[in-house]
Amino acid sequence: MKKRLFAILVLAVLIIPATGAAAPPRPGPYVAGFLGVTLPVDADATSTQYGPGIKNYNDRVEYDASLNIGGSGGYDFGFLRIEGELSYKNGEMSSITEKTSNTKYANVDGRVGIYSLLFNVFLDLRNPSPFTHYIGGGIGFATLYLDDTFGTNTSTGFRNTIYESDEDTVFAYQVGAGLEIALTQNFSLDLGYRYFGTAKADFNRNTSLATELKFESHNASIGFRVKF
């Protein structure tokens with residue numbers, strides 16, 4: 001289902017016909033907001049449990065689709081836009097597999113929440129119509145919040161603690177493309193796709209259960225942009 005929803009949003013960017021009556025938007029400062037879906041990429045996580053001896057775990061984490069929401073503000077130069085973007089997305093964990101022992105955990109209760117601040121540059125492929133395709137990307141920082149994570153060992157039936165809650169701030173980036181539809185010279189609709197990723201976050205480094213993982217996701221959104 002989540003793949004179908006994502007495909008519909010991406011196709012909407014590509015197949016809307018380039019016709020319409022509104023004039024292309026004019027250069028100037030703008031603010032924007034967006035709402036959409038994030039499809040996290042399955043991630044590799046490593047954990048080290050300290051105690052009587054040291055145990056190392058190499059996990060494969062799978063996620064469900066979730067929310068992607070944010071806003072931005074910047075300046076449109078007519079063919080180039082520079083902006084700052086704040087956003088939130090999260091990954092709700094659906095299953096975890098410890099790859100060395102092939103231990104599988106079901107009914108997983110845990111997630112990674114991501115707040116990001118990015119500085120973006122987009123190239124607008126202007127034309128006489130109100131439909132403008134664009135490409136670009138950005139870099140910045142993201143704070144990852146890891147929840148206490150529990151799962152049921154499918155072999156033993158026991159409910160185990162897999163990760164412990166913590167947060168870390170790391171480098172983040174995104175690349176993407178989209179379609180701006182000018183409704184008036186000051187107001188436009190934005191259909192966008194972004195591939196988002198972070199560097200590896202280090203959680204609970206000085207505790208008995210240390211964890212490392214990075215977050216990557218495909219994101220499709222619909223937004224509105226207001227020019228001043």
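No side-chain donor-acceptor contact under 3.5 Å links Asp124 to the backbone of Arg126. Listed for the Arg81 side chain is no donor-acceptor partner under 3.5 Å among the backbone atoms of Gly74. Formation of a donor-acceptor pair under 3.5 Å by the Asn58 side chain with backbone atoms of Thr100 is not found in this model. For Thr149 (side chain) and Asp147 (main-chain N/O), a donor-acceptor pair under 3.5 Å exists by modelled atom type. Under the 3.5 Å distance criterion, the side-chain polar atoms of Asp148 are matched with a main-chain donor or acceptor of Ser165. When atom types are taken as modelled, the side chain of Asn153 and the backbone of Phe158 share no donor-acceptor pair closer than 3.5 angstrom.
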Show the atom names and distances, to 0.1 Å, of all donor-acceptor pairs under 3.5 Å that link a side chain in residues 206-216 to residues at least two apart or in another chain.
unit_1, atom_1, unit_2, atom_2, d
Thr207, OG1, Asn204, O, 3.0
Thr211, OG1, Ser47, OG, 3.2
Glu216, OE2, Tyr195, OH, 3.3

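For the atom pair Ile82 CD1 and Phe122 CZ, the distance stands at 11.5 Å (nearest 0.5 Å). Of the inter-residue distances, the one linking His133 atom NE2 with Asn127 atom CG reads 8.5 Å to the nearest 0.5 angstrom. One finds the CD1 atom of Ile162 at 8.5 Å from the CE atom of Met93 (value rounded to the nearest 0.5 Å). The distance from atom OH of Tyr57 to atom OG1 of Thr46, rounded to the nearest 0.5 Å, is 13.0 Å.
Side-chain contact check for Leu144 versus Glu167: every heavy-atom pair is 4.5 Å or farther apart. The side-chain heavy atoms of Val112 and Tyr145, taken from C-beta on, include no pair separated by under 4.5 Å. You'll find the side chain of Asn90 stays beyond 4.5 Å of the side chain of Thr38, heavy atoms only. Using a 4.5 Å cut-off on side-chain heavy atoms (C-beta onward), Val121 and Leu80 make contact. In this structure, the side chains of Phe196 and Asn68 stay at 4.5 Å or more apart for every pair of heavy atoms. Looking only at side-chain heavy atoms (C-beta outward), Arg159 and Asp109 come within less than 4.5 Å of each other. In this structure the side chain of Arg60 never reaches within 4.5 angstrom of the side chain of Lys104, judged on heavy atoms. For the pair Phe34 and Ser72, the minimum side-chain heavy-atom distance is 4.5 Å or more.
Heavy atoms only, all atoms of each residue included: Ile114 and Ala142 are closest at CG2-CB, 3.8 Å. Taking both residues in full, the closest heavy atoms of Ser217 and Pro40 are given as CB-CA, 3.7 Å, listed atom of the first, atom of the second, then distance. In terms of heavy-atom proximity, Tyr163 sits nearest to Ala45 at OH-CB, 3.6 Å. Annotation for Tyr134 and Gly192: closest pair OH-CA, 3.8 Å, computed over non-hydrogen atoms. Pairing each heavy atom of Ala65 with each of Leu39, the nearest pair is CB-CD2, 3.4 Å. Of all the heavy atoms in Ser94 and Asp64, the pair that sits closest is CB-OD1, 3.5 Å.
More than 12 heavy-atom neighbours from other residues, nucleotides or ligands sit within 6.0 angstrom of CZ on Phe228. Residue-environment remark: CD1 (Ile139) stays at or below the threshold of 12 foreign heavy atoms within 6.0 Å. With a 6.0 Å radius and a threshold of 12 heavy atoms from other residues, nucleotides or ligands, Arg205 has its CZ atom at or below the threshold. Environment of CZ in Phe150: crowded, with over 12 heavy atoms of neighbouring residues, nucleotides or ligands closer than 6.0 Å.
Contact check on Lys99 versus Asp59 returns no salt bridge, with no Lys/Arg side-chain nitrogen under 4.0 Å from an Asp/Glu carboxylate oxygen.
Cluster membership check: Phe187 does not share its hydrophobic cluster with Tyr30, using side-chain heavy-atom separations under 4.5 Å among Ile, Leu, Val, Met, Phe, Trp and Tyr. Tracing side-chain contacts under 4.5 Å through hydrophobic residues (I, L, V, M, F, W, Y), one never reaches Phe131 starting from Leu125; they form parts of separate clusters. In terms of hydrophobic clustering, with Ile, Leu, Val, Met, Phe, Trp and Tyr side chains grouped at heavy-atom distances under 4.5 Å, Tyr193 and Ile135 are assigned to different clusters. Using a 4.5 Å cut-off between side-chain heavy atoms of Ile, Leu, Val, Met, Phe, Trp and Tyr, with links allowed through other members, Val108 and Phe203 fall into the same hydrophobic cluster. Note on Ile222 and Leu86: separate hydrophobic clusters, where clusters join Ile, Leu, Val, Met, Phe, Trp and Tyr whose side-chain heavy atoms are under 4.5 Å apart, directly or indirectly.
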Stepwise ring pair (Phe, Tyr, Trp, His ring centres under 6.0 Å) test for Phe79 and Phe77: CA-CA 6 Å; Phe79 65 95; Phe77 292 92; 7.4 Å; no
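Side-chain contact check for Asn186 and Thr184: no donor-acceptor pair (N or O, by modelled atom type) lies under 3.5 Å. With 3.5 Å as the limit, one finds no donor-acceptor pair spanning the side chains of Glu92 and Ser66.
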